[in-house]
Structures are given as C-alpha cells and as structure tokens.
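The structure follows.
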Amino acid sequence: MNNTNIKSCLEMGCGYHTGLNFLPHELAKIRSLINSSWVKHIENMTSQSTARQFENIGINRYHELCHLLDHGSMWPKVSRILDPNAVAEIRNMSLMRKLEQEFGYFNISDEDNVGHEEIYWRLVRPNSPADVGPFHADAWFWELGHGVTPPGCKRVKVWIAIYCDPGKDGFKFVPGSHKHDWPYHGELRNGITKPQIDISEDQLDVVIFNSQPGEVIIFNDRLLHTGALSRSETRVSLEFTMFVKNENYYT
C-alpha cells in the first residue's frame with residue numbers, strides 16, 4: 001500500500017498505510033537515542049556496572065542478560081519515553097516532514113502527563129508472550145480514560161520497526177477492522193486499567209507487517225493490532241500518537 005493518499009487509506013481503505021521510512025543515518029541516530037535511554041534507566045535502577053554489561057551487548061541482545069533485572073517491574077511505559085531533546089531530534093527528521101506534508105502541522109500526545117510530547121520505545125524478548133498484550137484498538141485506551149484528545153482533532157498512530165526480524169516479528173493487525181465495533185472490556189493489569197478484547201484471535205483475519213528496520217506503519221487508532229513475538233533477538237519498536245486537526249484529516 002504505497003504512494004497512496006495516507007488519509008484515504010486510514011479512513012476509507014484498510015485502516016493503515018505503509019511505505020514510509022527513516023533514512024539509514026536517521027535510523028542509526030534513533031537507535032543511539034533509544035540505547036542511551038535504555039542504559040540510563042538500567043543504571044538508575046541498578047548500578048553503573050550492571051548498566052555497562054547491558055551497554056556492551058546492545059539492546060537487541062537484552063534478553064541475554066534480562067535475568068539480572070526484574071523485567072516485569074523494570075519497564076513501565078513512563079520509563080521508555082524519550083526525553084525532550086531526543087524527541088526534538090526525531091521531530092527534525094525526514095519522516096516528520098513527510099507526515100506534515102500529508103496532515104499539516106500536528107502535535108504528539110502526552111497522555112501520561114510527562115510534560116512533553118511522548119515518543120516511546122518498546123522491548124519484546126524472544127518467545128516471551130508476556131511482552132505483548134492482547135489484540136486491541138488504541139482508541140480503547142482513550143475510552144478507558146488514558147489521556148485527553150484536544151477538541152477538533154483526530155488521533156493517528158505511528159509505529160516504527162527499530163530492531164526486527166523482517167516478516168517474523170513486529171506488528172500484527174487486522175486490515176479493515178477499524179470499520180467495525182469489537183466487544184471488549186477494561187481489566188486491571190499491572191495496576192492500570194487496560195482493554196481486553198472479548199473474542200479469540202482465531203476469529204480474526206490477522207496479517208503481519210513485513211517491516212525492515214526503519215520502516216513505518218501509520219494506522220487508524222481503531223485498527224485491531226498487537227505485537228508479534230520475536231524469535232532470535234529482542235525486538236525494539238518506536239511509537240507515538242499524532243493529534244491531527246479535523247480540517248486537515250478529513251480533506
């Protein structure tokens with residue numbers, strides 16, 4: 001689905017658009033920014049010597065040493081949000097210019113009230129189902145009280161592969177699912193009310209985004225999706241939510 005009007009794909013098409021990417025030098029910079037964030041948090045939560053062990057192997061091999069940490073409590077979302085300087089660097093990259101050409105100037109959400117736009121990364125260890133949640137639509141989080149959308153704006157989600165095994169892990173989704181109402185309920189998980197879909201994945205027509213590192217999928221926030229498990233290395237992705245003005249989104 002390339003070279004097509006993105007907004008038409010998100011709303012009237014299958015609910016997603018692929019074909020955009022960060023340039024190689026931009027991907028290298030993003031990897032460096034994520035790595036710095038990752039190592040800094042490990043050091044803050046453990047020790048400098050432990051952080052150096054992880055830094056020496058790299059984030060895509062995190063699973064080899066994760067037994068040294070309490071992984072379950074180590075990585076809440078707020079610990080994976082890039083700092084304002086890193087966000088500013090990414091804001092100046094080519095992908096953002098392409099998105100502004102399509103959507104006009106947009107803000108990025110701060111649903112966790114950290115005080116700046118949230119661009120955050122995610123870790124998924126090989127063969128670790130606990131690292132991915134159930135199928136969901138991001139809109140459900142907002143409906144359950146996670147964040148406030150500014151008046152006159154439409155939410156659009158962006159997901160970027162940073163380290164991945166192309167075609168085998170990353171982002172799974174159900175094309176066209178944004179056009180339907182799916183049953184779900186909220187349940188408390190890790191101290192946060194999160195959505196739980198009320199049907200089995202076996203009932204869904206699931207496909208996987210066959211992404212190379214640096215490639216992007218932009219999707220309607222009512223599109224059903226989840227993470228695909230990695231097999232050989234720790235999968236790392238980057239995400240953010242755009243607030244697009246209605247007059248720019250619907251024209």
Side-chain angles (χ1 to χ4, degrees), residues 21-93 95-96 108 112 114 116-133 157-172 190 208-217 225-241:
N21 59 274
F22 283 106
L23 299 174
H25 73 277
E26 294 173 331
L27 174 61
K29 180 60 179 179
I30 291 170
R31 285 177 167 177
S32 175
L33 293 171
I34 292 173
N35 188 75
S36 295
S37 172
W38 171 66
V39 171
K40 181 179 179 181
H41 184 66
I42 294 173
E43 182 172 337
N44 288 341
M45 297 296 289
T46 59
S47 67
Q48 187 177 65
S49 61
T50 299
R52 295 291 84 76
Q53 291 183 67
F54 282 90
E55 184 176 29
N56 288 337
I57 66 169
I59 194 170
N60 60 317
R61 293 173 57 194
Y62 163 78
H63 57 283
E64 296 178 16
L65 294 180
C66 67
H67 62 278
L68 300 177
L69 310 173
D70 180 3
H71 177 85
S73 62
M74 187 80 179
W75 302 111
K77 181 185 172 187
V78 292
S79 70
R80 297 179 280 105
I81 298 172
L82 293 174
D83 66 38
N85 291 331
V87 171
E89 289 199 59
I90 295 172
R91 269 290 209 169
N92 284 322
M93 293 183 179
L95 173 70
M96 299 302 191
I108 295 175
D112 295 281
V114 297
H116 61 82
E117 294 184 323
E118 293 181 16
I119 299 179
Y120 57 98
W121 46 273
R122 187 183 298 273
L123 293 170
V124 176
R125 295 167 296 170
N127 304 304
S128 299
D131 290 359
V132 299
K157 189 68 181 281
V158 180
W159 184 96
I160 306 112
I162 303 301
Y163 289 97
C164 66
D165 191 358
K168 297 179 182 179
D169 67 9
F171 184 88
K172 296 193 299 186
N190 300 320
I208 189 167
F209 174 36
N210 188 16
S211 57
Q212 297 286 336
E215 290 189 333
V216 179
I217 182 166
H225 66 281
T226 188
L229 288 179
S230 59
R231 297 288 180 244
S232 58
E233 68 174 13
T234 295
R235 189 255 291 167
V236 182
S237 58
L238 196 69
E239 305 176 35
F240 59 90
T241 298

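Source: prediction; values computed, not measured.
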Trace of the side chain to side chain donor-acceptor pair (under 3.5 Å) decision for E215 with N21: CA-CA 4 Å; E215 290 189 333; N21 59 274; over 6 Å; no
Side-chain (E118) to main-chain (D112) donor-acceptor, under 3.5 angstrom: yes
Side chain to side chain contact (heavy atoms under 4.5 Å, CB included) assessment of I90 paired with L238: CA-CA 11 Å; I90 295 172; L238 196 69; 4.1 Å; yes
By salt bridge (Lys or Arg N to Asp or Glu O under 4.0 Å) - contacts of D165 (at least two apart): none
Residue pair H41 / R80, side-chain heavy-atom distance below 4.5 Å: no
Distance (rounded to the nearest 0.5 Å) between F54 CZ and L68 CG: 5.0 Å
Trace of the side chain to side chain contact (heavy atoms under 4.5 Å, CB included) decision for E117 with I81: CA-CA 9 Å; E117 294 184 323; I81 298 172; over 6 Å; no
W159 ring center within less than 6.0 Å of H225 ring center: no
Trace of the side chain to side chain contact (heavy atoms under 4.5 Å, CB included) decision for I30 with I162: CA-CA 8 Å; I30 291 170; I162 303 301; 3.8 Å; yes
Gap between atom CG of D131 and atom CG of L229 - 0.5 Å precision: 8.0 Å
Donor-acceptor pair, side chain of S128 and main chain of P126, under 3.5 angstrom: yes
CA sep, side-chain torsions, deciding dist, call: L82, E89, side chain to side chain contact (heavy atoms under 4.5 Å, CB included): CA-CA 11 Å; L82 293 174; E89 289 199 59; over 6 Å; no
T46 side chain to I42 backbone, donor-acceptor under 3.5 Å: yes
N-O pairing of R122 and E239 below 4.0 Å: yes
Gap between atom CG of L27 and atom CZ of F22 - 0.5 Å precision: 8.5 Å
Validation row, ring centre Y62 to ring centre H71 under 6.0 Å: yes
Check: R31 main-chain N/O paired with N35 side-chain donor or acceptor under 3.5 Å: no
Gap separating the CZ atom of R125 from the SG atom of C66, nearest 0.5 angstrom: 4.5 Å
E43/K40 salt bridge by N-O under 4.0 Å criterion: no
Polar side-chain atom of T234 near backbone of H63 as donor-acceptor pair, under 3.5 Å: yes
Lys NZ or Arg CZ of K157 over F240 ring: under 6.0 Å, within 45°: no
Side chains of S237 and W121, donor plus acceptor under 3.5 Å: no
Closest non-hydrogen atom pair between A51 and V39, with its separation: CB-O, 3.9 Å
Salt bridge present between E26 and K29 (N-O < 4.0 angstrom): no
Euclidean distance, L123 CG relative to S79 OG, rounded to 0.5 Å: 8.5 Å
Sequence-distant partners of Q53, side-chain hydrogen bond (donor to acceptor under 3.5 Å, both in side chains), two or more places apart: none
Gap between atom CG of L95 and atom CG of L23 - 0.5 Å precision: 9.5 Å
Shortest non-hydrogen contact from C164 toward Q212: SG-C, 4.0 Å
Under 3.5 Å: donor-acceptor pair, side chain of R235, backbone of G170: yes
Residues in salt bridge (Lys or Arg N to Asp or Glu O under 4.0 Å) contact with R231, at least two apart in sequence or another chain: none
